A.B. asks: 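Handing you this structure, nothing more for now.
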Amino acid sequence: MRVDLVKAHIAANGSVAKDTYLMELRLETEEFLAAPGQFVMLRILDTTDPLLRRAFSICSLIKPNVIQIMYRVVGKGTRLMKDMKEEETLELLGPLGNGFQGPERGKKAVLVSGGIGVAPLFFLASRLKPHDLKFIAGYGSKEDVVPPGLLGLEEGSVLFATEDGSCGYHGLVTELFEAELNKTLSRQLQVYCCGPWEMLKKLAHICYEYDLDCQVSLESAMACGVGACQGCAVKASASYPPDYFHVCSHGPVFSSSDIDWEG
Amino acid sequence: MRVDLVKAHIAANGSVAKDTYLMELRLETEEFLAAPGQFVMLRILDTTDPLLRRAFSICSLIKPNVIQIMYRVVGKGTRLMKDMKEEETLELLGPLGNGFQGPERGKKAVLVSGGIGVAPLFFLASRLKPHDLKFIAGYGSKEDVVPPGLLGLEEGSVLFATEDGSCGYHGLVTELFEAELNKTLSRQLQVYCCGPWEMLKKLAHICYEYDLDCQVSLESAMACGVGACQGCAVKASASYPPDYFHVCSHGPVFSSSDIDWEG
Amino acid sequence: MDPRGVDLGTALGPLELKNPVIAASGTFGYGREYSSIVPPGSLGGIVVKGISLEPKAGNPPPRIVETPSGMLNAIGLANIGVEAFIEEKLPWLRSLDTKVFVNIYGHRLEEYRAVASAFKGLEGVDALEVNISCPNVDKGGMAFGTDPGMAARVTEAVLSSTDKPVIVKLTPNVTDITEIAKAVEAAGAHGLSLINTIAGMAVDVETRMPRLANVWGGLSGPAIRPVAVYMVYRVVRSVKIPVIGIGGILEARDALEFLISGARAVQVGTANFVNPKATLEIIQGLRDYCARKGIAKLSQIIGTLET
Amino acid sequence: MDPRGVDLGTALGPLELKNPVIAASGTFGYGREYSSIVPPGSLGGIVVKGISLEPKAGNPPPRIVETPSGMLNAIGLANIGVEAFIEEKLPWLRSLDTKVFVNIYGHRLEEYRAVASAFKGLEGVDALEVNISCPNVDKGGMAFGTDPGMAARVTEAVLSSTDKPVIVKLTPNVTDITEIAKAVEAAGAHGLSLINTIAGMAVDVETRMPRLANVWGGLSGPAIRPVAVYMVYRVVRSVKIPVIGIGGILEARDALEFLISGARAVQVGTANFVNPKATLEIIQGLRDYCARKGIAKLSQIIGTLET
Ligand SMILES: Cc1cc2nc3c(=O)[nH]c(=O)nc-3n(C[C@H](O)[C@H](O)[C@H](O)COP(=O)(O)OP(=O)(O)OC[C@H]3O[C@@H](n4cnc5c(N)ncnc54)[C@H](O)[C@@H]3O)c2cc1C
Ligand SMILES: Cc1cc2nc3c(=O)[nH]c(=O)nc-3n(C[C@H](O)[C@H](O)[C@H](O)COP(=O)(O)OP(=O)(O)OC[C@H]3O[C@@H](n4cnc5c(N)ncnc54)[C@H](O)[C@@H]3O)c2cc1C
Ligand SMILES: Cc1cc2nc3c(=O)[nH]c(=O)nc-3n(C[C@H](O)[C@H](O)[C@H](O)COP(=O)(O)O)c2cc1C
Ligand SMILES: Cc1cc2nc3c(=O)[nH]c(=O)nc-3n(C[C@H](O)[C@H](O)[C@H](O)COP(=O)(O)O)c2cc1C
Ligand code: FES
Ligand code: FES
C-alpha cells in the first residue's frame, strides 16, 4: 500500500449538524486511491501544539483528488479545524489502513452508525447500489442528524434512530438494528458499523447471536497511523495468537469476532 | 498604572514594507490610556505553542480604543500574526511600561530609528509639533522603508538612511544623525531612539560626546511584561545601585546614560 | 447545582485555604504587580519570589527563552533580600485577605536558618516555602534537594528557626523524588510542594551560543505538566503530609489532574505570564466542574484517582 | 556554496555514517513502515524497535496520549522477539544502504546477554543500542539505567556477548546523568545515546482515571528538547566516547542545537509521527545551514558551542 504525504487545500468547510462539520480537501496529487473505511491523518498547524496528527475517515471521494471528511468538534485540534477558511492548507497523510471488505455477491449490506461514525459509512454507501443496502444511522438528537443528501445519498435512504426520539426511531440504533433484523431474517446480510465502543460491542454481540458477519471500524489514539509506533493497540479476541492488533495498520476495519470486546 | 487585559479585534492587518506589517486593533475597552513608548503584549493563539505573549510597541492610537502596532516577521509568533484576518481576535495586555519623557520646553526632539524601531517613534512623532521635531529613520534597504504617510506623517518629514544607499543617505543612521547634529549644533536637542542594540550603543556614545540627553527604547526577552518575573533584565550603568533594570517595568524607555552598554 | 455554592476550601496541615489555587514563587512578583488584574484576596494563597539573606542581583541577561510549550528561566534567584522584603513588601502583603507563603533559599544551612529566623513572629507571613533546588556551596554545587540527607538537614534547620508551618519545595531533577519526600517528611516538614523547574538549555544555532547567558536554566510551563503530575502522584502515595502540585497548570482541567492525583492545593506559575487571569479562571473552572459533577466540596475529589 | 557539496559524514567511533540523522527506536517501526515516504538509504541510520529475548505483547490500551508539545507512550516495549526479528525483519534491513542499529533490552543481565549474543556475527546489524531504562526485576523494578553500577554491569554483559559496537542509551530520570555516562564509558561502551523518554502521566478529569492504562509512560517530543540538550551538553563534557543526541528534534535547527553542543549524531523520534518527512527535511536543512555558513563539513560545527 502506498502512503502519501500531500498538501490538502481546503475547498469548503462548513457545519452540517450540531458540532459537526464537513471539510472538502483538494489534494496535491493526481489520484488519491482511497477505499471506504480508509482514513487520513491531518497535521493541523505547523506549531507544536497540537503536536500529533488527527485521524479522520474518508467520508467521500468526489473527484480523483478531492475528498471530504466529516468531523465532530471535540477538542483542541477539531476546534482549530472548524475555524479554518477556504484556501488554507493542511498536510495530509494517507490513505491509511484497510477498508471494508465485500459484501459478497448476493449479500445485502446493512450499515449501522452511531454519531460521527456515520462518516466512513457514507463513503461505503456511495459505492453500493441503493437496493443492495440498508443504512441505519443513530444520533443523540435531531440536531445531530447529518442529512444524507449532503453526501449525495437519497434523503429517504437512511433510517434514523435518536436517543431522545426527536427524529426517527426513539431509542438506540442497536435496538432499531435488531428490529430491522427481525423483519428481514430471511436475507443474507453483511453488517458494517462504526460508532462508539459500547455500541459496536452491542452490535457485535447481536451479530454473533444472529450469526451474521459484521465488520467494525474502530478508533484508537494514534501517533503514527502507519504501524510504526504500536500505539493504537486493541485487544484481539482470545482465538487469535497476537494479543493486540494495531488499529491503524491491521484495521481500522476488523471483523467483529476478531476483537476482544471486554479488553 | 492600570494594566488591563482586553480583547483586541483585528480591524486591519497588512504589509507596509518588506516583512513588515501594520495591524490595527479595536480594543474592548472604552479608552486605552497609552503614551508613546509604551507597549502591549499579545497572546497570539490559545494553544501552548507559541506560549508566551509577544511585546509590541504602540505605533499609534487612532481612536481612544483603537491602536496600531507595526511588526516585523521574525519567528513563529509574528509568522502566525501576519496570516491573521480581520475579525480574528487577540488577547492584549497593556498599556505596559514607561514611555518617553519630554521634550522640555524649548528643546527640539530628534527621533532616530533603526529598522522596526521606527514603530514607537511614529507614535511619539504624532504627539509632537512638526517643526519641533526631526525624524531620522534608518533601514537596510529601500524595500524596508515604511512610508511615513501610512502613519499620518507628512511624506517629506522623515529623513532616511539605508545601508545599501537605495533610499536617502547611503550609510548607517548613526552617521546621518551625526551629520545632522553637526548642522544644528547650536540647538538644544532631546534625542529619542529605538533600534538594534549596537545602533543604540553608538547613538548613546555620540550623545554622550555631544552632551545631549538621549532616551532609548530597549527590547529584551520578556515573560510577564509587568515586573513580576525579573526576566527582562538589562544591566544598569555603574553609577546606579541596582545592578539590573527590568525593561518592562523600569523601561522600556531609559535615559541612555543609565544603561551599561557593554553589559 | 450552583457553582457559587461549591466549597473550594482545602487544608494544608494547619493552614486553611479558601481555595486551592496559589500563585507560584517567582511568577507573581510580590503580589502587587498583578493586583489590578487579580485581586489577591480571591486567591487561596500567594508565594512570593524566593528571598535570601542578602539582596541578589541575579544572572546577566538573557534570562528567559521560550521553548515548545514551555520556557527556560535563569533569573538567578534575584531578590531584594530579607531585610528590604520585610520593610518594603510585607506591609502590603499583610493587608491581603489571602495566605502569604514566603519562599526562602540559601546556599548554606546557616543561610536558611538566618532567613527563616527573620520571619519569626512576624505577622502577615502564613508559612515558609523552602526552596531546596539551590546549589549547596559546601557540597560542590549539587543542589540540597538532590540528596535525601541534605534535604532533611535543610528542613530541620528551617524548622528549628521558625514558628511558621514549613513547606519544602522539591526539585524534580532526581532519580527518585519519593526518597527525598520521605526524608523531608521524617525531618518534620508540614507539607511538600512540587515540582520546581527541570534543568534545561537551548542553543542559538546562528550565534552558536547558549540562549541563556547562564548556559542552562529551569524549564517550566505546560511542557513539564506530565512530569509534575507523575511526581505528585508518586509522592502523595509515599508520604502522609499534604502535597501542593505545581507544574504547567494553565486551566482548571490541569489543576484537576493534580488534585485528583492527590494534591491538596496547586500552584500556578508560568500560566500567569501566558494569561494573567489564569488563577481566577482556574478557581471559577473548579467551581463549574464541581457543580457540573454535583460535588459540594472540592475536597471530595482530592486523591480520587482510579487506578 | 552549493548545499549538495556539503559533507554531512560523521563517525561514531568505528561506525561511519553518511549523515548524522538516525531514526529513533520505537518510532520508525522496522524501517519499512515509512519506506514509501523516507527511502531508508537516505538516512544516516535506523534504530529498530527495542527487541527482547521473547516476543512481548506490550501494555493494554490506551498506550499513547498527547500532551503540550509532547506525547506520553506506554507501549510496554511490545516486540516480536529476537528470533522472529532475525527471521522476518533482518533480511529486508540487510538490503538497506544505511546503518542498522538494533535496540535491545532485558529485565535481567542474562536477558541482555542472550539478546546480544543472538546477533553475533550476523550481517546487516551494524551496532547494538542498549536500552537501560527498563526496570530491573532483580532490583525491585528500579531501572538499570538509574544506578551507575548496574548500568556498567549491563554494558559489560552486552560487550562480552557481542562483536558489534555497543551504544548505551541513557535514561534522563536520574539525578546526575554524567555519573551514569562515566560508568558506562568505563565499562567499555563505544558510544552513548540520550535521552530516552522522561517519566510522566496524565489524568482524564472526566473519568478520574489515568489516560494511559499503564498509569504512567514516557514523555517525548519537542517539550523535552531543552532537557535533552542540557543532558547532552553535560555528558559530552564528561566522557570521551561519542554521544548521539535525542529528544524533541523536529527540524534541522533542533538537530543543530545538539550537534553544536557536541553530539556527533542525532536521533529523530516523535517527529516522524508529526511529519513523516522530518528526517529528510532535517538532512536537507543541515546541508542548507552549512552552505549558508560556508562550512564544508558538518563535523566542523560539532561541539563548537561558545560558552
Ligand atoms: C481511524 C480513525 C478514524 C476517525 N474518523 C473520524 C471521523 O471521520 N470524524 C471524526 O470526527 N472523528 C474521527 N476520528 C476521531 C478523531 O481522530 C478525533 O475526534 C480527533 O483526533 C480529536 O482531536 P481533537 O484535537 O479535537 O481532540 P483532543 O481531545 O484535544 O485530542 C487529544 C488527543 O487525543 C486523540 N483523540 C481524541 N479523541 C480521539 C478519538 N475518538 N479517536 C482517536 N484519537 C482521539 C487526538 O488525536 C489527540 O491526539 C477517527 C479516529 C480514528 C482513529
Ligand atoms: C518592549 C518591546 C517592544 C517591542 N516592539 C516591537 C515592535 O513594535 N515591532 C516589532 O516588530 N517588534 C517589537 N518587539 C520585538 C518583538 O517582541 C519580537 O520581534 C517578537 O516577540 C518576536 O516573536 P516571534 O514569535 O515572531 O519570534 P521568535 O524568535 O519565534 O520568538 C521566540 C521568543 O523570543 C522572544 N523574542 C524574539 N525576538 C525578540 C525581541 N527582539 N525582543 C524581545 N523578545 C524577543 C519572543 O517574544 C519569544 O518569546 C518589541 C519587543 C519589546 C521587548
Ligand atoms: C521566572 C520564574 C522564576 C521562578 N522563581 C522561583 C523562585 O524564586 N523560587 C522557587 O522556589 N521557584 C521559582 N520558580 C519555579 C516556579 O515557582 C514553579 O515551581 C515552576 O515554574 C513550575 O510551575 P509552572 O510550570 O506553573 O511555572 C520560578 C519559575 C519561573 C518561571
Ligand atoms: C512510541 C515510542 C516508542 C518508543 N520505543 C522505544 C524503544 O523500544 N526503545 C528505546 O530505547 N526507546 C524507545 N523510545 C524512545 C525514543 O527512541 C526516543 O529516545 C524518545 O522518544 C525521545 O526522542 P523524541 O523526542 O525525538 O521522540 C520510544 C519512543 C516513543 C515515542
Ligand atoms: S498509530 Fe502507530 S502503530 Fe498505529
Ligand atoms: S518581563 Fe517579567 S519582569 Fe519584565
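Predicted model only: the values in this text are computed from it and were never measured. Every chain is numbered from 1 and lettered A, B, ... according to where its sequence line falls, protein lines coming before strand lines.
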A.B. asks: Against chain C, label Val215(D) side chain, backbone, both or neither, depending on which of its atoms sit under 4.5 Å from a heavy atom there.
C.D. replies: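 Interface part for Val215(D): side chain.
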A.B. asks: Specify which of Ala199(D), Ala143(D), Gly70(D) makes the most heavy-atom pairs with chain C at under 4.5 Å.
C.D. replies: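 Counting heavy-atom pairs under 4.5 Å, the top option is Ala199(D).
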A.B. asks: Side chain, backbone, both or neither: which part of Phe258(D) has a non-hydrogen atom closer than 4.5 Å to chain C?
C.D. replies: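 For Phe258(D), no heavy atom lies under 4.5 Å from chain C.
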A.B. asks: Would you mind checking which part of Thr67(D) comes under 4.5 Å of any heavy atom in chain C, side chain (CB onward), backbone (N, CA, C, O), both or neither?
C.D. replies: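 When you check distances to chain C, only side chain atoms of Thr67(D) fall under 4.5 Å.
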A.B. asks: Please look at Ser261(C) and chain D and tell me whether the side chain, the backbone, both or neither of the residue comes under 4.5 angstrom of a heavy atom of that chain.
C.D. replies: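 Side chain of Ser261(C) only, per the 4.5 Å heavy-atom cut-off to chain D.
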A.B. asks: Without swapping roles, check the side chain of Glu257(D) against the backbone of Ala202(C) for a donor-acceptor pair under 3.5 Å.
C.D. replies: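 Pair absent, no side-chain N/O of Glu257(D) close to backbone of Ala202(C).
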A.B. asks: State, to 0.1 Å, how close Pro68(C) and Ser69(D) come at their nearest heavy-atom pair, and which atoms those are.
C.D. replies: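 Heavy atoms only, the tightest pair is C-OG, 3.6 Å.
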A.B. asks: For the interface with chain C, which of Gly221(D), Pro222(D), Gly217(D), Ala213(D) has the highest count of heavy-atom pairs at distances below 4.5 Å?
C.D. replies: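 Most pairs with chain C among the choices: Pro222(D).
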A.B. asks: Can you tell me if CZ on Arg237(D) sees more than 12 non-hydrogen neighbours from other groups inside 6.0 Å?
C.D. replies: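 Yes, the 6.0 Å shell around CZ holds more than 12 heavy atoms from other groups.
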A.B. asks: May I ask you to decide if Arg208(D)'s main-chain N or O and Glu306(C)'s side chain share a donor-acceptor pair within less than 3.5 Å?
C.D. replies: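 It does not hold such a pair.
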A.B. asks: Below 4.5 Å from any heavy atom of chain D, which atoms of Met142(C) appear? Answer side chain, backbone, both or neither.
C.D. replies: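 Contact with chain D is through the side chain of Met142(C) alone.
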A.B. asks: Pair Met201(C), Arg234(D) - check side-chain contact (heavy atoms from CB on, under 4.5 Å), show working.
C.D. replies: CA-CA 10 Å; Met201(C) 102 183 228; Arg234(D) 291 192 59 214; over 6 Å; no
A.B. asks: Relative to chain C, which of Val205(D), Ile260(D), Leu259(D), Val227(D) shows the most heavy atom pairs under 4.5 Å?
C.D. replies: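 Answer, by heavy-atom pair count under 4.5 Å with chain C: Val205(D).
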A.B. asks: Any donor and acceptor pair, going by atom type alone, linking the side chain of Tyr233(D) with main-chain N or O of Trp216(C) inside 3.5 Å?
C.D. replies: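 No, because the side chain of Tyr233(D) does not come within donor-acceptor range (under 3.5 Å) of the backbone of Trp216(C).
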A.B. asks: To the closest 0.5 Å, what do you measure between CE (Met209(C)) and OG1 (Thr304(D))?
C.D. replies: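 One finds 12.5 Å between CE of Met209(C) and OG1 of Thr304(D).
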A.B. asks: Given that the side chain runs from C-beta out, which part of Leu256(D) has a heavy atom under 4.5 Å from chain C: side chain, backbone, both or neither?
C.D. replies: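 Interface part for Leu256(D): both.
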A.B. asks: I'd like to know which of Asp176(C), Asp254(C), Ile301(C), Ile224(C) tops the heavy-atom pair count under 4.5 Å against chain D.
C.D. replies: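 Heavy-atom pairs under 4.5 Å are most numerous for Ile301(C).
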A.B. asks: A quick test of your reading: do over 12 heavy atoms of other residues, nucleotides or ligands sit less than 6.0 Å from NZ of Lys293(C)?
C.D. replies: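 More than 12 heavy atoms, drawn from other residues, nucleotides or ligands, come within 6.0 Å of this atom.
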A.B. asks: Could you tell me which portion of Leu305(D) (side chain, backbone, both or neither) has an atom closer than 4.5 angstrom to a non-hydrogen atom of chain C?
C.D. replies: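 Both parts, heavy atoms under 4.5 Å.
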A.B. asks: Over all heavy atoms of both residues, which pair between Leu219(C) and Ala223(D) is shortest? Give the atoms and the distance, please.
C.D. replies: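 Looks like CD2-O, 3.7 Å.
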A.B. asks: Please classify the contact between Arg211(D) and chain C as side chain, backbone, both or neither, with a heavy-atom cut-off of under 4.5 Å.
C.D. replies: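 Contact with chain C: none, neither part.
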A.B. asks: Out of the candidates Asn173(D), Thr175(D), Thr146(D), only one should pair with Thr175(C) under the side-chain hydrogen bond (donor to acceptor under 3.5 Å, both in side chains) rule; please name it.
C.D. replies: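 When side-chain hydrogen bond (donor to acceptor under 3.5 Å, both in side chains) is applied between Thr175(C) and each of Asn173(D), Thr175(D), Thr146(D), only Thr175(D) qualifies.
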